Amino acid sequence: MSHEKKQFLEESAKIAPDKRHRATIKFNISKYDAAVDRGRKRYSDLALAKARASYIKGEAIGQLADYLLEFEKNSQANGAEVIWAEDAHEAIQAVQQILKENKASLLVKSKSMTTEEIELNHHVEAVGVESLETDLGEYIVQIAGEKPYHIVTPAMHKSKEDIAELFHEKFDTPEKSTPEYLTSFVRGLLREKFTQAEVGVTGANFLIADKGAIALTENEGNAMMTFSFPKIHIVIGGIEKVIPRLQDLGLMWPLLAAHGTGQQVTVYNSIVSGPKQAGETDGPEKMYVILLDNKRSELYQKDDQFEALKCIRCGACLNACPIYKNVGGYTYDATYSGPIGSVITPFLKGFSEYNHLSSACSVCGKCSEVCPVKIPLHNMLLYNRRDAVERGDTPALWNMGMKAFEFAFMKRKRLDLLNGKTKNQLGKLQQNALGDQKSLPTFAKESFSQQWKNKH
């Protein structure tokens, strides 16, 4: 058993029975569910919209190399510098070099899971540059010394009382401050930082191939200030974020908003095509776009799982997943949690170490049902399980047990070889087979088939 799997089992056993944690997650996801239900109902034909979005992302992934090269060509024509990063190390090296060349001391950053993936903040601070999150949720988890709990809602695991207590501890704000007060307080802190920072870092919700531009969607305006005030704008985007055409945003942006937050469209939507041009007053003087692979190419080679690269990071599958609701985001020990994280994390962080996440699934199919780009996530989790067995990554004892299970269930008479009394005695040898919170059922003296045979 890998260290990561052992840790997952231990953390799951601790957090699943935690009633306070469950209540917080239930409350926050219930608000999400209500908003998203309204958002989806705005569509006269949601199924058609999802099918079209799936087709567009399928087209982009199907011709990934061509669209990335088109993006690079057009982005360079706009005045941006495009940097290809094979892994997190190369991406970090590129960022550190840019910071060094521009003698930066402060970096402001908008919400980006890709930067979390490469642990940007840690590596930036290692070279003496302050890295400040400007998204409210990201800022909350940063000052708490934590990582994002959720793809879309970083501080979903915290109640408003938790956040008020945190700010009182860190900034001596009034006890039990309201969310409105704390939001205003943070806004005042960050506005000054935006004007002082030499560098701004953003992710990219989409990379628009035919325009060589990036698309950003947000609700707070912090991303817009992140690329507007500093002289240097660095974009870090996964290669899978590419879409073919600017016109595709007309479908993708509202669909992302509807499934991510329930809105018709998010409050701020920006298209950034490069640094400011001659005669322009606003915008950065330099723009760098780092295209991150980080083992996405390996996932791309998989015949059955490559479609996971169609993901637009709306977070819908997390909120629908019964496993995520029970064990929470931190238990996964990965940047991307929930169903999509369970599919892609083994490829990003090591299959032998993280394939257990693909077994953290009830195969209910709800994740596939809610996905706005129709990724068959529950099927991919099964493919990952299959691959783990074929690679020999599953424990020998588990494999023997599954072989015995297969043998017994192939024929009814094999199940009936042992009577109920014997089965109950065997069950006592492994009383915690279903965990500490559940107990094995008691078998009847005769199986149902035997009882049926005797009566009929």
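For clarity, every value in this text was computed on a predicted model and none was experimentally measured.
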Participant: Among Arg22, His21, Glu10, whose side chain to side chain contact (heavy atoms under 4.5 Å, CB included) with Ile15 holds?
Facilitator: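 Going through the options one by one, the only one that passes is His21.
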Participant: Hey, could you give me the CD/CD distance between Glu130 and Glu125, rounded to the nearest 0.5 Å?
Facilitator: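 Rounded to the nearest 0.5 Å, the CD-CD separation comes to 7.5 Å.
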Participant: Can you sort out the partners of Glu138 under salt bridge (charged side-chain N to carboxylate O under 4.0 Å, His left out), two or more places apart, ordered by chain and number?
Facilitator: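 Partners of Glu138 by the salt bridge (charged side-chain N to carboxylate O under 4.0 Å, His left out) criterion come out as none, since no residue qualifies.
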Participant: Using the rule given for side-chain hydrogen bond (donor to acceptor under 3.5 Å, both in side chains), can you reason through Asp210 versus Gln247, listing the C-alpha separation, both sets of side-chain angles and the distance that settles it, and then say yes or no?
Facilitator: CA-CA 10 Å; Asp210 70 340; Gln247 69 187 50; over 6 Å; no
Participant: How far does NZ of Lys50 sit from CD1 of Ile375, to the nearest 0.5 angstrom?
Facilitator: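 These two atoms lie 11.0 Å from each other.
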Participant: Indicate yes or no: does Lys295 engage Glu298 in a salt bridge with an N to O separation below 4.0 Å.
Facilitator: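 Looking at Lys295 and Glu298, the cut-off is not met.
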Participant: Give me the one residue out of Ile83, Ile92, Ile290 that meets side chain to side chain contact (heavy atoms under 4.5 Å, CB included) with Ile236.
Facilitator: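 Answer after filtering Ile83, Ile92, Ile290: Ile290.
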Participant: Does the salt bridge (Lys or Arg N to Asp or Glu O under 4.0 Å) test come out yes or no for Arg245 and Glu59, once each step is laid out?
Facilitator: CA-CA 11 Å; Arg245 299 160 294 271; Glu59 178 188 359; 3.2 Å; yes
Participant: Do Leu132 and Gln142 have side chains that approach each other closer than 4.5 Å (heavy atoms only, starting at C-beta)?
Facilitator: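 Of all side-chain heavy-atom pairs linking Gln142 with Leu132, at least one is under 4.5 Å.
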Participant: Identify the heavy atoms of Ile98 and Ile232 that sit nearest to each other, and give their distance.
Facilitator: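 Here Ile98 and Ile232 meet closest at CG2-CG2, 4.0 Å.
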Participant: Taking all non-hydrogen atoms of both residues into account, name the closest pair between Ser342 and Leu381 and its distance.
Facilitator: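 Heavy atoms of Ser342 and Leu381 come nearest at CB-CD2, 3.5 Å.
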Participant: Using side-chain heavy atoms (C-beta onward) and a distance below 4.5 Å, is His259 in contact with Leu46?
Facilitator: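 Touching, per the 4.5 Å side-chain cut-off.
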Participant: Provide the closest heavy-atom pair for Ala164 versus Leu182 in the form atom of the first, atom of the second, distance.
Facilitator: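 Looking at all heavy atoms of both residues, the closest pair is CA-CD1, 3.8 Å.
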Participant: With the threshold set at 4.0 Å, does a side-chain nitrogen-carboxylate oxygen contact exist between Glu119 and Lys147?
Facilitator: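 Yes, Glu119 and Lys147 are salt-bridged.
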Participant: Walk me through whether Asp393 and Lys5 qualify under salt bridge (Lys or Arg N to Asp or Glu O under 4.0 Å).
Facilitator: CA-CA 12 Å; Asp393 286 335; Lys5 180 177 181 178; over 6 Å; no
Participant: So which heavy atom on Lys310 is nearest to which on Ile61, and how close?
Facilitator: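 Closest heavy-atom pair between Lys310 and Ile61: CG-CG1, 4.0 Å.
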Participant: Please confirm whether the backbone N or O of Pro376 pairs with a side-chain atom of Glu307, one donor and one acceptor, at under 3.5 Å?
Facilitator: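 No: the side chain of Glu307 does not pair with the backbone of Pro376.
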Participant: Which of these, Thr261, Ile312, Val152, sits in a side chain to side chain contact (heavy atoms under 4.5 Å, CB included) with Leu256?
Facilitator: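 Answer after filtering Thr261, Ile312, Val152: Ile312.
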Participant: Without swapping roles, check the side chain of Gln277 against the backbone of Pro275 for a donor-acceptor pair under 3.5 Å.
Facilitator: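 Checked: pair present.
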Participant: Tyr139 vs Phe171 aromatic rings, parallel, tilted or perpendicular, using cut-offs 30° and 60°?
Facilitator: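 The rings of Tyr139 and Phe171 lie parallel, inter-plane angle below 30°.
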Participant: Can you name the residues that form a salt bridge (charged side-chain N to carboxylate O under 4.0 Å, His left out) with Lys374, not counting sequence neighbours?
Facilitator: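 Lys374 satisfies salt bridge (charged side-chain N to carboxylate O under 4.0 Å, His left out) with no other residue.
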Participant: Does CD belonging to Gln96 count more than 12 external heavy atoms closer than 6.0 Å?
Facilitator: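 Counting other residues, nucleotides and ligands, CD of Gln96 exceeds 12 neighbours.
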Participant: Taking all non-hydrogen atoms of both residues, which atom of His150 and which atom of Gly315 are closest, and how far apart?
Facilitator: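 In terms of heavy atoms, the two residues are closest at NE2-O, 4.0 Å.
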Participant: Just by distance, do the side chain of Ser359 and the backbone of Asn355 share a donor-acceptor pair under 3.5 Å?
Facilitator: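 Judged by distance alone, no pair lies under 3.5 Å.
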Participant: Is the closest side-chain heavy-atom distance between Leu255 and Arg52 below 4.5 Å?
Facilitator: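 No; the side chains remain at least 4.5 Å from each other.
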Participant: Would you mind checking if Lys366 and Glu369 are paired as a salt bridge, meaning a charged N to carboxylate O distance below 4.0 Å?
Facilitator: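 A salt bridge links Glu369 with Lys366.
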Participant: Taking atom types as modelled and ignoring hydrogens, do the side chains of Thr202 and His233 form a donor-acceptor contact shorter than 3.5 angstrom?
Facilitator: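 Result is yes, a qualifying pair exists.
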Participant: May I ask you to decide if Thr335's main-chain N or O and Glu117's side chain share a donor-acceptor pair within less than 3.5 Å?
Facilitator: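 Answer holds: no.
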Participant: Just do the side-chain hydrogen bond (donor to acceptor under 3.5 Å, both in side chains) check on Asp33 and Ser30 with the steps written out, would you?
Facilitator: CA-CA 5 Å; Asp33 287 340; Ser30 68; over 6 Å; no
Participant: So does Arg313 pair up with Glu240, basic N to acidic O under 4.0 Å?
Facilitator: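 Salt bridge flag = yes for Glu240 with Arg313.
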Participant: Which residue is it: Thr134, Thr115, Asn222, Asp135? I am looking for the one with a side chain to side chain donor-acceptor pair (under 3.5 Å) to Lys109.
Facilitator: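 Testing Lys109 for a side chain to side chain donor-acceptor pair (under 3.5 Å) against Thr134, Thr115, Asn222, Asp135 leaves exactly one candidate, Thr115.
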